[in-house]
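FYI, side chains are in, hydrogens and waters are out, and symmetry mates aren't considered; it's all heavy atoms of this structure.
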Amino acid sequence: QVHLIESGGTLVQAGGSLRLSCLVSGLTFSSKTMAWIRQAPRKESEFVAGITSNDEHTFYAASVKGRFTISRDNAKNMVFLEMNNLKPEDAAVYFCAASRGDSASVDLTSYGYWGRGTQVTVAS
């Protein structure tokens with residue numbers, strides 16, 4: 001059974017930093033593109049950042065590029081999201097997701113496995 005467990009979400013002041021973590025089990029982690037996806041209240045889910053398997057190609061939404069960094073540790077089956085200079089509009093539930101394959105896609109339907117999410121709140 002596949003499990004993706006996010007952690008690290010909390011309340012942070014605008015301009016602050018936060019690091020999210022996701023522990024994955026039940027699939028061949030090192031062969032999957034991983035992503036962070038977020039959903040704010042009353043909004044649709046939004047792709048945030050992705051990282052492919054072995055070559056570790058990273059790709060970002062324009063709204064977070066330069067502020068967020070995605071990384072992974074294949075030995076530990078973990079993926080991370082370092083978030084800097086947080087803005088109130090970054091507040092959302094952040095989901096870790098694993099792709100069905102290994103392509104650098106921003107299409108949310110490419111990600112067949114999702115965690116339950118971790119809440120990030122940004123106070124202005």
Side-chain angles (χ1 to χ4, degrees):
Q1 196 169 6
V2 178
H3 293 284
L4 294 87
I5 302 174
E6 303 93 339
S7 61
T10 190
L11 170 65
V12 64
Q13 293 292 318
S17 298
L18 204 57
R19 189 191 197 209
L20 304 183
S21 300
C22 176
L23 177 63
V24 181
S25 62
L27 52 75
T28 308
F29 178 80
S30 61
S31 70
K32 300 292 187 183
T33 290
M34 298 297 300
W36 288 94
I37 296 161
R38 68 187 181 188
Q39 186 170 25
R42 299 174 298 281
K43 291 188 176 180
E44 294 188 355
S45 296
E46 173 190 21
F47 174 86
V48 175
I51 183 167
T52 55
S53 58
N54 292 327
D55 66 0
E56 296 194 6
H57 168 62
T58 58
F59 46 107
Y60 299 91
S63 59
V64 307
K65 197 167 187 178
R67 298 188 297 122
F68 290 13
T69 302
I70 188 171
S71 61
R72 66 190 295 159
D73 184 336
N74 285 345
K76 295 182 178 178
N77 282 14
M78 295 190 73
V79 61
F80 308 96
L81 185 68
E82 187 78 33
M83 304 186 292
N84 297 313
N85 190 22
L86 281 159
K87 303 176 181 180
E89 53 263 40
D90 294 319
V93 177
Y94 282 72
F95 299 92
C96 171
S99 67
R100 303 177 193 277
D102 187 26
S103 60
S105 175
V106 301
D107 182 352
L108 300 188
T109 64
S110 299
Y111 298 92
Y113 308 96
W114 294 49
R116 293 189 174 185
T118 186
Q119 176 72 52
V120 172
T121 304
V122 183
S124 57

Can you tell me how far apart [atom1] ([X]) and [atom2] ([Y]) are? Round to the nearest 0.5 Å.
X	Y	atom1	atom2	value
I5	S25	CD1	OG	6.0 Å
D73	F29	CG	CZ	8.0 Å
N85	K87	CG	NZ	6.0 Å
N74	S53	CG	OG	7.5 Å
F95	L20	CZ	CG	12.0 Å
M34	S71	CE	OG	11.5 Å

Residues S31, D102; criterion side-chain contact (heavy atoms from CB on, under 4.5 Å); working and verdict: CA-CA 7 Å; S31 70; D102 187 26; 5.9 Å; no

Which atom names give the shortest non-hydrogen contact between [X] and [Y], and what distance separates them?
X	Y	result
I51	F59	N-CE2, 3.8 Å
S21	F80	OG-CD2, 3.4 Å
A91	A40	O-CB, 3.6 Å
L4	Y113	CD1-CB, 3.8 Å
T33	A104	OG1-N, 4.5 Å
I37	A97	CD1-CB, 3.8 Å

Is it true that a side-chain atom of [X] and a backbone atom of [Y] form a donor plus acceptor pair closer than 3.5 Å?
X	Y	answer
Q39	A92	no
Y111	W36	no
E6	G117	yes

Are [X] and [Y] joined in one hydrophobic group, where the rule is that I, L, V, M, F, W and Y side chains link up if heavy atoms are under 4.5 Å apart?
X	Y	value
V120	I70	yes
V64	L86	yes
F68	V122	yes
V48	Y60	yes

Would you say S105 and D107 are linked by a side-chain donor-acceptor pair, where the criterion is simply a distance under 3.5 Å?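 No, because no side-chain N or O of D107 sits under 3.5 Å from a partner of the opposite role on S105.
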
Suppose we screen for ring-ring contact (aromatic ring centres under 6.0 Å, His included). Which residues come up paired with Y94, at least two apart in sequence or across chains?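 Expected list: none.
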
Side chains of [X] and [Y] in contact at under 4.5 Å (non-hydrogen atoms):
X	Y	value
E89	S63	no
E44	L108	no
T10	L18	yes

Could you go step by step and tell me if K32 and V24 meet the side-chain contact (heavy atoms from CB on, under 4.5 Å) rule? CA-CA 11 Å; K32 300 292 187 183; V24 181; over 6 Å; no

